[in-house]
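Remember, predicted model here, so these are calculated numbers, not experimental data. Numbers here simply count residues along the sequence, with the first being 1.
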Amino acid sequence: ALAQFYEKNQSNFTALIYNDIGYTEGELGNYDDQINWYLKAIRVYETLDDDLGLAQVYSNLSTAYFDNGNDKLAFEYAEQALTLRNKNGDATALAISYCNIANMHASKNNLEQANKYLDLGMKYAAQSADKARLAQAYITKSLLLNGQKNIKEAFTYEQKAIAIYEELENHGMVANRSIAAAFYSNALNDSAGAIAYFNRAEKLATSLNNKVVTRNVYSYLTGFYKQHKNYELDYEYQKKFFSARDSILNGETATKIAALQGAFDVEKKDFEINKLQVDQKIKNLEIEKQKAIIAGNFAEAQQKQNELD
């Protein structure tokens, strides 16, 4: 689609394609490509002053940076998305932003902040009647309850989220949340239930070629089998984990991501400088036009108007 039309004819749809390709690259664990496509989408949306599109990409970019351990940029982009969505007031979009930020705070054990954002996320999720948003709110609630050592209730919310994702046939999220369900099952001394959830997560993740979830399954399985003193399986999953991890993120990938963001920041500053220069030129032409009108030189005034146009 890009090659045939949308690359040459830049529009909101071009940016949407960039965003969707970025999301897909992220599902495949290609983080540098993911961020590159998101930044391409931002450039187009900024040119078109499309706040809704920008908010979507900012939100996705925030998640990408958080997954890569860059908390500073993750929170910056998340707050930018939230600011734009508050202007629009769409309940579904606001539920996404508030739950995303709550989830990040919960992961960092900032429970007070997480609860504050989650309350707003739950409120907008209920208003939107969007099942996916409700599932997201359940996941964040589960994280918070886990932080408070309320494992049993946390597991209940995780199961609610999984049930919604199964209904929506979102197999990637079912795989992802099955890892959490396995963790809770093990914490509740149900090792058989934990293995069943782990197996389900691994099967779905590998069938989807989702490298990130596959890596996470192996990471948790390593700890699980070590805890249960099955050192042979612990060793096997350690090897699988290292292999999966190295295929996703290495030093070269991290350097590429930093370079992409750096180039984008420089480009944005240049754009802002050029915009200021254009604004100043417009002001000067307005002044010169008014002077020409006052002096009765209407031909010069028209010339200045033409330059303004």
Side-chain angles (χ1 to χ4, degrees), residues 1-26 32-66 70 72-101 104 117 120-121 124 127-128 130 132-133 136 257 259-287 289 304-309:
L2 284 172
Q4 290 296 322
F5 184 79
Y6 291 107
E7 194 75 72
K8 295 177 183 176
N9 299 276
Q10 298 275 300
S11 67
N12 305 65
F13 204 82
T14 307
L16 178 63
I17 293 172
Y18 290 160
N19 176 70
D20 287 354
I21 294 175
Y23 181 85
T24 308
E25 292 288 7
D32 50 341
D33 289 330
Q34 176 190 32
I35 287 171
N36 186 37
W37 284 106
Y38 284 157
L39 294 176
K40 283 167 72 75
I42 288 173
R43 290 182 182 99
V44 178
Y45 279 135
E46 283 183 337
T47 303
L48 299 171
D49 292 323
D50 186 335
D51 285 351
L52 291 178
L54 270 176
Q56 176 65 54
V57 187
Y58 285 157
S59 182
N60 287 347
L61 194 54
S62 166
T63 302
Y65 273 120
F66 194 74
N70 192 330
K72 182 176 180 293
L73 280 176
F75 279 105
E76 283 180 12
Y77 278 115
E79 290 291 348
Q80 286 183 56
L82 181 58
T83 299
L84 292 175
R85 283 170 169 168
N86 268 312
K87 285 182 184 177
N88 178 260
D90 179 75
T92 299
L94 283 168
I96 292 171
S97 276
Y98 280 118
C99 286
N100 279 349
I101 298 174
M104 289 193 292
Y117 282 102
L120 290 163
Y124 286 111
Q127 285 181 17
S128 71
D130 185 324
R133 301 289 68 77
Q136 184 187 21
I257 290 172
L260 285 165
Q261 182 65 44
F264 177 74
D265 290 341
V266 170
E267 182 183 313
K268 196 165 185 179
K269 286 189 177 99
D270 288 342
F271 175 79
E272 288 167 359
I273 291 168
N274 289 336
K275 189 172 184 298
L276 286 172
Q277 290 173 342
V278 170
D279 289 344
Q280 187 58 52
K281 186 175 181 181
I282 288 171
K283 287 177 185 176
N284 291 341
L285 284 168
E286 289 281 8
I287 292 169
K289 175 187 168 185
K304 298 301 177 186
Q305 182 60 52
N306 291 340
E307 289 183 51
L308 278 165
D309 294 339

**Message:** One pair to check against side chain to side chain contact (heavy atoms under 4.5 Å, CB included): Asn88 and Asn86. What are the steps and the verdict?
**Reply:** CA-CA 5 Å; Asn88 178 260; Asn86 268 312; over 6 Å; no
**Request:** Take Leu94 and Leu120 through the test side chain to side chain contact (heavy atoms under 4.5 Å, CB included) and record every step on the way to the result.
**Result:** CA-CA 8 Å; Leu94 283 168; Leu120 290 163; over 6 Å; no
**Item:** Stepwise side-chain hydrogen bond (donor to acceptor under 3.5 Å, both in side chains) check, Gln261 with Tyr65
**Value:** CA-CA 11 Å; Gln261 182 65 44; Tyr65 273 120; 2.6 Å; yes
**Request:** Could you walk me through whether Trp37 and Asn19 pass side chain to side chain contact (heavy atoms under 4.5 Å, CB included), step by step?
**Result:** CA-CA 6 Å; Trp37 284 106; Asn19 176 70; over 6 Å; no
**Asked** After noting the C-alpha distance and the side-chain angles of Arg133 and Thr92, does the key distance pass the side-chain hydrogen bond (donor to acceptor under 3.5 Å, both in side chains) rule?
**Response** CA-CA 7 Å; Arg133 301 289 68 77; Thr92 299; over 6 Å; no
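The number of heavy-atom neighbours closer than 6.0 Å to OH of Tyr23, taken from other residues, nucleotides and ligands shown, is 12 or below.
Not a single donor-acceptor pair under 3.5 Å links the side chain of Glu7 to the backbone N or O of Gln4. The closest donor-acceptor contact from the side chain of Thr14 to the backbone of Tyr6 lies under 3.5 Å. When atom types are taken as modelled, the side chain of Asn9 and the backbone of Phe5 share a donor-acceptor pair closer than 3.5 angstrom.
Leu54 places a side-chain heavy atom less than 4.5 Å from the side chain of Ile42. In this structure, Leu2 and Ile21 have side chains that are in contact, with non-hydrogen atoms separated by less than 4.5 Å. Considering only heavy atoms from C-beta on, Ile96 stays 4.5 Å or farther from Tyr124 through its side chain. Within the 4.5 Å cutoff, the side chain of Phe66 has no heavy atoms near those of the Thr63 side chain.
Closest approach of Ser59 to Asn100, counting heavy atoms only: OG-ND2, 3.1 Å. For the pair Ala64 and Gln34, the tightest heavy-atom approach, listed with the atom from each and the gap, is CB-OE1, 3.5 Å. Heavy atoms only, all atoms of each residue included: Ala15 and Ala41 are closest at O-CB, 3.5 Å. Nearest heavy atom pair, residue Ile282 against residue Leu308, reads O-CD2, 3.7 Å. In this structure, Glu76 and Lys72 approach most closely via the heavy-atom pair OE2-NZ, 2.7 Å. The two residues Gly121 and Cys99 come nearest to each other via the heavy atoms CA-SG, 3.8 Å.
Remark: Lys281 NZ to Glu307 CD distance equals 6.5 Å, nearest 0.5 Å. The OG1 atom of Thr24 lies 11.5 Å from the CG atom of Asp33; values are rounded to the nearest 0.5 Å. For the atom pair CG (Leu61) and CD (Gln56), the distance works out to 11.5 Å, reported to the nearest 0.5 Å. Distance check: Tyr98 OH to Leu82 CG gives 4.5 Å after rounding to the nearest 0.5 Å. Considering NZ of Lys40 and CZ of Phe264, their distance stands at 12.5 Å, rounded to 0.5 Å. In this structure, CG on Asp90 lies 10.5 Å from CD on Gln127, to the nearest 0.5 angstrom.
Under the rule for a side chain to side chain contact (heavy atoms under 4.5 Å, CB included), the partners of Ser62 that lie at least two apart in sequence or sit in another chain are Ala74, Tyr77, Ala78, Met104.
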